[in-house]
Amino acid sequence: MEKYNPKEIEKKWQEKWEKSDINKAVDFDKRPKYYALLEFPYPSGAGMHIGHTRNDSMMDVMVRLRRMKGYNVLFPIGWDAFGLPTENYALKTNRNPAEVTKENTDNFLRQMKSLGLSFDYDRIVDTTDPKYYKWTQWIFLKLLEKGLAYKAEMPINWCPKCKVGCANEEVIGGVHERCNTPVETKNLSQWVLKITEYADRLYDDLDYVDYLESIKISQRNWIGRKPWIDIEMQVVMPVQDQTVSNNTDETPDIESNNIDKDKVKIADGLRLLDRKSDDSDFKRIEDVKITIATSRPDTNFGATFVVLAPDCDYVEHLKKYMSSETISRVEEYSLQTSKKTQADRISEGRKKTGVFTGLYTINPLNNEKLPIFLADFVMKDVGTGAVIGVPGHDRRDYEFSQVYDLPVIRVVKTLDGKDSEIESIDDVQEAEGIMMNSGFLDGMEIHDAIPAVMDYLESKGVGKKVIRYNLHDWNFSRQRYWGEPIPVVFCDKCGTVPLPEEQLPLTLPEMSKYELTEDGTSPLSKVSEWVNTTCPKCGGPAKRETDTMPNWAGSSWYFMRYCDPNNDQALADKDKLDYWMPVDFYEGGSEHINLHLLYSRFWYKFLGDIGYASNNRLSDEEAKKILESGKIKERHQEVLKGREPYLARAIHGIVLGEGGVKMSKSLGNVINPDNLIAEYGADVTRAYMLFMGPYDVTCEWSDRTIIGVRRWITRMWNYIGKQIDVLPTDNDNATAPILNNTAGNHEDGLEKSDKISDIGLAVKQLAYEVEEDILGLKFNTAISLIMKFINEHEEDLLNYDSVLDLIKIMAPITPHLAEELWFQVGQPFSVHNSEWVKYNVSDFKKSTVVIPVQFNGKVRGRIEINVDADEQSVIDSILADSSLNRNLPEGKYKKVIFVPNKIINIIV
RNA sequence: GCCGAGAUGGUGGAACUGGCAGACACGCAGGACUUAAAAUCCUGUUCCUGCAUAAGGAGUGCGGGUUCAAUUCCCGCUCUCGGCACCA
């Protein structure tokens, strides 16, 4: 056998594979299908990241094994190529983004092939290809047609640096996630998708899928469905003028107003009346009510004030009933608030500020008078923008109460009975507890009190239960060039007109420069010959929409396109979708478990609803029945068609640079897989990626231990090579490896028999264990198993069948090496088409087993016993064993715990 | 603050539903081969006491608990990572 030369054999087999069809998925094949989906990469100029290398290699191993196990595997790849980095790069170098993209995807493709990844390269999809985005645009038109896309003048997050509107999701801690610039608010007319209409189904249908539990929790939290109650409260104003001073900078002259200093509190120059004041001190302002929203009405007996968001609509209405001085204070405060960015608020440490309006509302539970404040800690778009302040049981309310010296009342005692005064923020009790000081709620647990008080308020006609979501509609407009044009025109006569389907794709015009505009509109707005068009409805002059779609659009349905990538009649053939969908296993990063998952689930559901995702969708009732009958696992595929795109979803760990920092160009710690492949070969590189650590755990890059993997692979090559060399060969053709030798044992004189040799059995057991590990995504231990095997059996000789078995075991992990050895041993192309090792699990049973012997819970030795030996016989053996029985003087003991074939523990 | 994940030798990491902690690998030490180096191979390698390849003790982030037995289960913490966040 030649020396192991990965460069030569890897190139040779990659070329052969490319010409063959061994990796092709076969539509409608009778074998069971397996759809393994990998999040398609963004083809950046830097090429494949080591993280891609690792994840792709892992999936490749799993998929290769599944093919050998008899599955018809769909393992596709594509490019999520629209988006800012490419556009910014093109802007900087004044090149066409399409050209840059082509360069990048070519590079990725080369790298993937050089790793020997077994994608079905005939099914590549590219989101920037007009043949692809024609259908992205088509889906948008369908959404528009069904009323799920609308245009709204809405405040958007505006990044002043990128000059682009960002989705809430792209704003992290008040700054744009891409460039870390604090975002501003700007009003722009935006396309918005009504994902909230699917909120319940996106929430509930998680019961049908088999994601990691943490992913489901994350999805549910993001949707944030919670029961709330909106409580309508009457606004009242004090009968008497409450002004204390014209100038807050001066100490109010309490004495001269005959106000008792100890009993009266001052807020923004106004006297603050006690919440228990008599009704006659106030007059109702007819028809003026505010609706506060809360999900914790259980604590409302402890309410002592009400707070409005400074920019909410109530403020304008209430101004009529405020003094001019208060109005100017309110306006000043609102102005200051509007200038603050989220980042400002965070940097201020969320210090509470506010303004007293001089007005009050009446708590319907106890008729107490609650002063109304404005404060910027209340958000306009959460609930109704008006909240009821319960300082005893909400930390923010407590902080606010301290600013105005408002009363703090405990209405929930702790589970262990603590009911003392709330005197500091640490006493504020937000979670679990028992109601007190709360009238008819007293003694209830908070979880019981919530529905009870909701029912009460609703029955009194002052409250209305509402389900609210954290999820907001999806801002679908980007003021950018490098995205899918939104296929809509604006006509003076006909208004907003969707392009007719025949006019799709609406392609991006070529531009000489891709500069951004100062007013924040898309660069497309400058291409007048593209913008100015005719109205498809009336034929008159019209202008095209110049905003483009967000990056999320193309990735929201690519998994469907893979099923039928070249279809020009439909986004994909429905029978093919029925055959391949749902995705059996979706592999990806944690960064996409919220939005991408939500968006793509939404689109798939929508397409299912309008009949484009499946021919065989079960009705909701049938699906529910299956879920309730507990047969969901068996009938997963059936239930998910047209309903949920992914059956299972996992999250890979990421690869950090040395020292645990992220790899980045600026730090210069990026590892290029090309260099690894050049130095060690693809098989070693792949295997090392797997051996680094478990699939789902973050690991730090280090190339120190790659040497161990190379040693192992070289040893495997030499070991199997040696076996092939000593196999009996055809005498007429001594130089060629045996071609037709199917003889069992090559040890002379050994009789052929059906019985497998010990070593042959060990190989089969190895195959079984490696298979278990690979399918369980435990790639690192799969390799350990093979390492251990060769450590133990390096001197042993294998027969022909066992050599084949061992090559097969290597095939998923080191596909090139296995293919070459398969060829050397004289088997026809390709090992990757061969059937996985056949074994019989019952053959692996041994007749004896070694178990640890414990005395008083401490291991003092081991003993070999017959499998399934009973307790007494084990004790007898221990008594007979000179190294063990000295722990048992006179053979006396108190108690024995015996776990058959596992352990024996003798209490002396 | 909330949600999620995690913490095991010098290092990466094993240990299935509670049953031999440290598999496998790196590194290190010693040895073989070699003029030498690389490569390769062999031996040892959790820590402590011991001449020990004798025997014993400690040990899976920290403190408790359950159990014959805990890395694994329970209670209370600490720290690290990821996500969300004035969601009332």
Side-chain angles (χ1 to χ4, degrees), chain A residues 169 172-174 212-218 220-222 224 226 228 292-297 299 303 307 309 342 345-346 348-352 375-379 381-390 393-397 399-400 430-431 468-470 589-591 593-594 651 653-654 656 660 688 691-694 696-709 711-712 714-715 718 772-773 776 778 780-791 794 850-862 894-899 901-908:
Chain A
E169 306 44 63
I172 311 291
L212 278 184
E213 202 48 40
S214 64
I215 299 178
K216 288 192 185 185
I217 291 170
S218 192
R220 291 202 180 101
N221 286 348
W222 196 274
K226 245 195 284 180
W228 290 53
I292 66 99
T294 180
S295 59
R296 285 295 306 277
T299 59
V307 191
Q342 271 202 46
R345 291 185 189 183
I346 292 165
E348 283 166 9
R350 300 196 158 134
K351 235 176 100 186
K352 300 294 178 284
D376 64 4
F377 78 90
V378 175
M379 302 293 137
D381 47 4
V382 177
T384 57
V387 306
I388 187 161
V390 184
H393 303 283
D394 183 291
R395 294 172 72 93
R396 295 153 307 174
D397 293 351
E399 284 165 1
F400 189 75
E430 294 183 321
R468 281 210 174 79
Y469 305 86
N470 184 46
S590 61
E591 67 275 25
I593 59 161
N594 287 331
I651 308 174
I654 55 168
L656 297 173
Y688 178 55
F691 192 63
M692 271 168 75
D696 55 352
V697 166
T698 299
C699 49
E700 268 180 47
W701 172 257
S702 153
D703 57 5
R704 271 184 305 175
T705 60
I706 193 169
I707 192 73
V709 174
R711 276 179 201 149
W712 165 64
T714 312
R715 274 171 78 197
N718 293 336
E772 293 261 291
D773 276 1
K778 294 162 69 178
N780 52 338
T781 51
I783 291 178
S784 305
L785 285 169
I786 312 177
M787 286 175 167
K788 200 173 172 177
F789 176 88
I790 189 169
N791 287 347
E794 202 154 15
V850 176
I851 63 162
V853 180
Q854 295 185 334
F855 292 93
N856 294 334
K858 297 215 177 222
V859 179
R860 294 295 178 209
R862 280 134 257 261
K894 264 193 206 149
K895 192 180 167 187
V896 173
I897 291 99
F898 176 66
V899 185
N901 304 328
K902 273 268 167 70
I903 200 165
I904 184 159
N905 187 7
I906 301 175
I907 314 302
V908 185

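Proteins get letters first, then strands, A, B, ... in listed order; numbering begins at 1 in each. Quick note: numbers below take in every heavy atom, side chains included, and nothing from hydrogens, waters or symmetry partners.
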Nearest-Å distance for atom pair CG/P, residues Asp394(A) and A88(B): 8 Å

Below the 4.0 Å mark, does A88(B) have OP1 or OP2 next to a side-chain nitrogen or oxygen of Lys226(A)? yes

If the condition is side-chain hydrogen bond (donor to acceptor under 3.5 Å, both in side chains), which residues does Thr698(A) pass it with, not counting sequence neighbours? none

With nearest nucleotide decided by heavy atoms, which residue, Gly857(A) or Met379(A), maps closer to the 5′ end of RNA chain B? Gly857(A)

When all nucleic acid strands are considered with a 4.0 Å heavy-atom cut-off, which category describes Ile907(A): base, sugar-phosphate, or nothing? sugar-phosphate

Run through RNA chain B and report every stem of 3 or more consecutive Watson-Crick or G-U pairs, distances under 3.5 Å, ordered by first number. B:1-7 with B:78-84, B:10-12 with B:24-26, B:27-32 with B:40-45, B:46-49 with B:55-58, B:61-65 with B:73-77

Protein-proximity profile, nucleotides 11-17 of chain B, B/S/- by nucleotide at the 4.0 Å heavy-atom cutoff, equals SBSSSB-

Please classify the glycosidic conformation of G31(B) as syn (within 90° of 0) or anti (everything else). anti

Under 4.0 Å, heavy atoms only, any strand: does Arg715(A) hit a base, just the sugar-phosphate, or nothing? sugar-phosphate

Answer yes or no on whether Lys352(A) is positioned over the face of Phe400(A), meaning its NZ or CZ is under 6.0 Å from the six-membered ring centre and within 45° of the axis. no

Calculate the interatomic distance between Phe855(A) atom CZ and A69(B) atom P; express it in whole Å. 16 Å

Look at all strands and tell whether Glu772(A) reaches a base, only sugar-phosphate, or nothing, counting heavy atoms closer than 4.0 Å. nothing

Could you tell me how far apart Ile706(A) (CD1) and C24(B) (C1') are, to the nearest whole angstrom? 17 Å

Partner set under side-chain hydrogen bond (donor to acceptor under 3.5 Å, both in side chains) for Asn791(A), not counting sequence neighbours: Arg715(A)

Can you tell me, in whole Å, how much space there is between the C1' of C86(B) and that of A5(B)? 26 Å

When rounded to the nearest 0.5 angstrom, what is the spacing between NZ in Lys788(A) and CD1 in Ile783(A)? 16.0 Å

Under 4.0 Å, counting only non-hydrogen atoms across every strand here, what does Val709(A) touch: a base, just sugar-phosphate, or nothing? nothing

Residues in side chain to side chain contact (heavy atoms under 4.5 Å, CB included) contact with Asn221(A), at least two apart in sequence or another chain: Ile217(A)

Run the side chain to side chain contact (heavy atoms under 4.5 Å, CB included) test on Lys858(A) and Asn856(A) for me, step by step, so that the C-alpha distance in whole Å, both residues' side-chain angles and the decisive distance to 0.1 Å come before the verdict. CA-CA 6 Å; Lys858(A) 297 215 177 222; Asn856(A) 294 334; 5.5 Å; no

Of Lys895(A) and Lys352(A), whose closest RNA chain B nucleotide lies nearer the 5' terminus? Lys895(A)

Heavy-atom pair of closest approach, residues Gly383(A) and Arg468(A): CA-NE, 3.7 Å

Closest heavy-atom pair and its distance - Thr299(A), Val390(A): O-CG1, 3.4 Å

Could you pull out all residues at least two apart from Thr781(A) that satisfy side-chain hydrogen bond (donor to acceptor under 3.5 Å, both in side chains)? Asp773(A)

Quick one: label Ile707(A) by what it contacts on the DNA or RNA (base, sugar-phosphate, nothing), any heavy atom closer than 4.0 Å. sugar-phosphate

Minimum heavy-atom separation for Asn594(A) and Ser218(A), please, with both atom names. OD1-OG, 2.8 Å

Distances for protein N/O vs nucleotides 54-61 of chain B N/O pairs under 3.5 angstrom?
| unit_1 | atom_1 | unit_2 | atom_2 | d |
| --- | --- | --- | --- | --- |
| G57(B) | OP2 | Arg860(A) | NH1 | 3.3 |
| A58(B) | OP2 | Lys858(A) | NZ | 3.0 |

Results of ring-ring contact (aromatic ring centres under 6.0 Å, His included) for Tyr688(A) - residues two or more places apart only: Trp701(A)

Can you tell me, in whole Å, how much space there is between the C1' of U17(B) and that of C26(B)? 33 Å

Partners meeting salt bridge (charged side-chain N to carboxylate O under 4.0 Å, His left out) with Arg395(A) (sequence neighbours left out): none

What's the gap between C42(B) and A58(B) when it is taken at their C1' atoms, as a whole Å value? 32 Å

Between the side chain of Asp696(A) and the main-chain N/O of Ile651(A), is any donor-acceptor distance below 3.5 Å? no

For atom P, what is the distance between C24(B) and A15(B), given to the nearest Å? 13 Å

Separation of Ile851(A) CD1 from Lys902(A) NZ (nearest 0.5 Å): 11.5 Å

The glycosidic conformation of G50(B), counting syn as within 90° of 0 and anti otherwise, is syn

In whole angstrom, give me the gap between the P atoms of G56(B) and C2(B). 49 Å

In whole Å, what separates the C1' atom of C62(B) from that of A37(B)? 49 Å

Separation of A70(B) P from Ile897(A) CD1 (nearest whole Å): 12 Å

Determine the Euclidean distance between corresponding P atoms of C41(B) and G61(B); express it in Å to zero decimal places. 34 Å

Pair Ile897(A)-Ile904(A), side chain to side chain contact (heavy atoms under 4.5 Å, CB included): steps then yes or no: CA-CA 6 Å; Ile897(A) 291 99; Ile904(A) 184 159; over 6 Å; no

In whole Å, measure the gap between the P atoms of C75(B) and C81(B) for me. 26 Å

Side chain of Arg711(A): nearest nucleotide among C24(B), U40(B), A88(B)? U40(B)

Partners meeting side-chain hydrogen bond (donor to acceptor under 3.5 Å, both in side chains) with Lys216(A) (sequence neighbours left out): none

Nearest-Å distance, CZ (Arg396(A)) to C1' (C86(B))? 5 Å

Taking CZ from Phe789(A) and C1' from A25(B), how many angstroms apart are they, rounded to a whole number? 19 Å

Of the listed nucleotides (C87(B), A88(B), G27(B)), which one gets closest to any side-chain atom of Asn470(A)? C87(B)

Rounded to whole angstroms, how far apart are CG on Asp376(A) and C1' on A88(B)? 15 Å

For Ser295(A), the side chain to side chain contact (heavy atoms under 4.5 Å, CB included) test, sequence neighbours excluded, returns Lys226(A), Trp228(A)

Within the structure, does a side-chain N or O atom of Arg350(A) lie under 4.0 Å from either OP1 or OP2 of C86(B)? yes

Whole angstrom value for the distance that separates P of G82(B) from CG of Leu212(A): 19 Å

Can you tabulate the close N/O pairs, meaning under 3.5 Å, that link protein atoms to atoms of nucleotides 1-6 of chain B?
| unit_1 | atom_1 | unit_2 | atom_2 | d |
| --- | --- | --- | --- | --- |
| C3(B) | O2' | Asn221(A) | ND2 | 3.2 |

